[in-house]
Chemist: 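Before I ask anything, here is the structure I am working with.
This chain uses plain numbering: 1 for the first residue, then up along the sequence.
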Amino acid sequence: MGKDAAPGGRWLLALMVGWALVVAGLWLAAPPAHPEITVFYRKLQDQWLLLAMLWAWAGVAVAMRRWPLVRVWRIDTRAVWGLAALAALVALAGHYLVLSGYDLSRDEQMVSFDAAIYRAGRLAWPVPVEWRGDLPALNTLFMMPLARPAAWVSTYLPGNAMLEALLGPLKTPLLMAVSVLALWRVGRRLLGPDQDALAVMMALFLLSGQVLFSAMSRFAMPAHLAFNLVWLWLFLRDTRRGDLAALAVGFAATGLHQPLFHPMFVAPWLALLLWERRWGRLALFVGAYLAVGLFWLWWPHITLDAVRGPDSVLVEAGSDYVSRLMETLAQNSDNGTLMAANLLRMVAWTHPALWVLAAAGAWAGRRDGRVLALLGGAVIVVVVMGLILPYQGHGFGYRYLHPMLGNVALLGALGWQRLGDAWRDRLRGGMVALSGLTLVVLIPMQGWFAHRLYGAFADASAKIDTVHADYIIIGNYDAPLALDLGINRPDLSNRPLRLIEYGYDDLEEMAPRLCAHGQTVALPARSFYFGIGRALNMMPGRTTTRRRAWHTQEFTDAGCKVISLP
């Protein structure tokens, strides 16, 4: 991959100092007080992980003095299959042991929601007539902006949820294994037989908490990562059969979640074909991706037809991707500070050496088109998402960059390779120590942070499910992120149904309809949210108590029985 001289050990210290300054700058630029999820993660998780990372680097300095020479790392295909199986097992077990088997964010919840619909052989689930006017109270966030819809399903593209419907709990473990195996195949092609560099690539990838913990979740990003790496492996084979297979993978990858992520990965490789004047191959890919893009851009119209009823009214923009983009751009603010927080979180949830070695690899291969294509995929994401959607919400690290983490691990391995044998021998002991400290310190810390947050919401959700009531009212101001508890099954078979209230009077007109037959309504007490408050280091205020008093009177007068959920 290119003939440029390595940056060499003499530049490594400068790279490390430069990276430390970048991280410090990101810390200073990150938003101090809003939005709440970004600040929660920065204060409760990222600052402690970065501090632990600093101590890990200090441990490396000691290790390099005590163990200046460590044998070359060796890894072969059999070992990679073992690592893939182990990573899949960690992902499967971690979903239940670390994430408490719970879908915390709305993105994760919509995967389970849509999968239940697709598993039943439907494109959308019919909404009972009596609920069509009141459906927003059941939480329609990330659903088609219709008043009185005849059915409901998320506005996301169907690929990830269809995989969930097909594979169930084995989906993300299998995707994790595929990512490992595909990365290995790509690494063999780009790095050659250098087993030391290949082993570093695997360490940078598998010891990044973002890779491991995202694979435990139902986020779409692990699927994007796996499909991108498989696509790259097929593309680099440079055969007609491989190209056709890559296009089939690209069709599925574009339809996983949002239509933008996979094309951002592919674009630099098509630019490489343009630079190399591979006109026939370029025409094949450009023509195919135009057709793929048109198909998936049309998908929201298919969804709209599936959910629209005779009385439905499109109440706002957002039924197609162009209007969604315009609406998102109009709402953006503080783009720079939010992206600083995202990138800071990305550093805290990846291998401590990943970005330093990736910078070395990018510099060493700056005249190699394939290196620039790897780098370009990551840069495009940061620039594009920084402009159109800087706010990521929940996630382990910076999840919008997750589909490109294979690129970054490859760049890091290239950086290690280009250091040369003498410097690699001198630094290998430090790399072993840093990876070991990541495994025994950073990853357990990340796991604890993830478990503490997911477990708190999982406990609250399980407590709701045990209540003998028809409805439970969850208020927007009851506790931090309380509305993340507002998820119902597509067929509304769960009891109690979880109703959300954005303001104090949202349910006033609904009360007579809800209580027409003497139903039971559960109202959470302030103490119900204490577990969430402890996890977020922000105990709920007195809003819940005031709202309970108001709703108790309202629903009692309407004919409901009201019970308290302590």
Chemist: Between H351 and S435, is the side-chain hydrogen bond (donor to acceptor under 3.5 Å, both in side chains) condition met? List the steps.
Modeler: CA-CA 8 Å; H351 191 293; S435 298; 3.0 Å; yes
Chemist: Is there a donor-acceptor pair closer than 3.5 Å between any side-chain N or O of E164 and the backbone N or O of V111?
Modeler: no
Chemist: Given Q109 and S112, is the side-chain hydrogen bond (donor to acceptor under 3.5 Å, both in side chains) satisfied, shown in steps?
Modeler: CA-CA 5 Å; Q109 292 168 1; S112 297; over 6 Å; no
Chemist: Rounded to the nearest 0.5 Å, how far does CG of L44 lie from CD of Q47?
Modeler: 8.0 Å
Chemist: Would you check, one step at a time, whether the test side-chain contact (heavy atoms from CB on, under 4.5 Å) holds for Y118 with D114?
Modeler: CA-CA 6 Å; Y118 298 145; D114 288 351; 3.8 Å; yes
Chemist: Please determine whether ring pair (Phe, Tyr, Trp, His ring centres under 6.0 Å) holds for the pair H224 and H257, giving the CA-CA distance in whole Å, both sets of side-chain angles, and the decisive distance to 0.1 Å.
Modeler: CA-CA 9 Å; H224 278 293; H257 157 247; 5.7 Å; yes
Chemist: State whether R424 and D194 are salt-bridged, where the test is any N-O pair (Lys NZ or Arg NE/NH1/NH2 against Asp/Glu carboxylate O) under 4.0 Å.
Modeler: yes
Chemist: So, for L437 and A56, which heavy atoms are closest and what is the spacing to 0.1 Å?
Modeler: CD1-O, 3.6 Å
Chemist: Please step through side-chain contact (heavy atoms from CB on, under 4.5 Å) for the pair L414 and L357, ending with a clear verdict.
Modeler: CA-CA 8 Å; L414 177 64; L357 288 176; over 6 Å; no
Chemist: Take Y41 and H394, measure what side-chain hydrogen bond (donor to acceptor under 3.5 Å, both in side chains) needs, and give me the verdict at the end.
Modeler: CA-CA 9 Å; Y41 280 137; H394 291 291; 2.7 Å; yes
Chemist: Can a salt bridge be assigned to the pair D107 and R218 using a cut-off of 4.0 Å between side-chain N and carboxylate O?
Modeler: no
Chemist: Looking at side-chain heavy atoms only, is the closest gap between W349 and Q45 below 4.5 Å?
Modeler: yes
Chemist: Ignoring hydrogens, what is the shortest heavy-atom contact between L191 and A413? Give both atom names and the distance.
Modeler: CD1-CB, 3.5 Å
Chemist: Kindly give the heavy-atom pair with the smallest separation between P173 and A91, and that separation in Å.
Modeler: CA-CB, 4.0 Å
Chemist: Distance check, rounded to the nearest 0.5 Å: Q210 atom CD versus M346 atom CE?
Modeler: 8.5 Å
Chemist: For the residue pair P352 and L442, what are the closest heavy atoms and their distance?
Modeler: CG-CD1, 3.6 Å
Chemist: Given the ring of W81, does R78 sit roughly above its face, with NZ or CZ under 6.0 Å from the centre of the six-membered ring and within 45° of the axis?
Modeler: no
Chemist: Hey, could you give me the CE/CG distance between M431 and L419, rounded to the nearest 0.5 Å?
Modeler: 10.5 Å
Chemist: Kindly indicate whether the side chain of L92, heavy atoms from C-beta on, has any atom under 4.5 Å from the side chain of M216.
Modeler: no
Chemist: To the closest 0.5 Å, what do you measure between CE (M385) and CG (L338)?
Modeler: 12.0 Å
Chemist: Where is the tightest heavy-atom contact between P259 and L157, given as atom of each residue plus distance?
Modeler: N-CD1, 3.7 Å
Chemist: Within the 4.5 Å heavy-atom criterion, are H95 and V90 side-chain neighbours or not?
Modeler: no
Chemist: Quick one, F227 with W231, criterion ring pair (Phe, Tyr, Trp, His ring centres under 6.0 Å). Give me CA distance, side-chain angles, the key distance, then yes/no.
Modeler: CA-CA 6 Å; F227 277 69; W231 184 94; over 10 Å; no
Chemist: How far does OH of Y454 sit from CZ of F449, to the nearest 0.5 angstrom?
Modeler: 15.0 Å
Chemist: How long is the span from the CD atom in Q446 to the NE2 atom in H451, to the nearest 0.5 Å?
Modeler: 15.5 Å
Chemist: Per the ring-ring contact (aromatic ring centres under 6.0 Å, His included) rule, which among F261, F251, Y289 passes with W296?
Modeler: F251
Chemist: As a quick check of understanding, evaluate side-chain hydrogen bond (donor to acceptor under 3.5 Å, both in side chains) for W355 and T350, giving each step before the final call.
Modeler: CA-CA 9 Å; W355 300 99; T350 49; 2.9 Å; yes
Chemist: Are the side chains of R428 and W416 in touch, meaning some heavy atoms are under 4.5 Å apart?
Modeler: yes
Chemist: Got T303 and V153 here, is their nearest side-chain heavy-atom distance under 4.5 Å?
Modeler: yes
Chemist: Do L354 and V347 have side-chain heavy atoms sitting under 4.5 Å apart?
Modeler: no
Chemist: Which atom names give the shortest non-hydrogen contact between L225 and P403, and what distance separates them?
Modeler: CD1-O, 3.8 Å
Chemist: Please list all pairs meeting side-chain hydrogen bond (donor to acceptor under 3.5 Å, both in side chains) that have one or both residues in residues 238-250, counting only residues at least two apart or in different chains.
Modeler: D238-R278, D238-R281, D243-R281
Chemist: I would like to know whether L272 and L372 meet side-chain contact (heavy atoms from CB on, under 4.5 Å); could you show each step before the answer?
Modeler: CA-CA 9 Å; L272 179 62; L372 294 178; over 6 Å; no
Chemist: Show your reasoning for whether side-chain contact (heavy atoms from CB on, under 4.5 Å) applies to L234 and V249.
Modeler: CA-CA 9 Å; L234 293 168; V249 171; 3.9 Å; yes
Chemist: Just checking, R237 and W233: is the charged tip under 6.0 Å from the six-membered ring centre and within 45° of the axis?
Modeler: yes
Chemist: Can you say whether the rings of F213 and F396 are parallel (under 30°), tilted (30 to 60°) or perpendicular (over 60°)?
Modeler: tilted
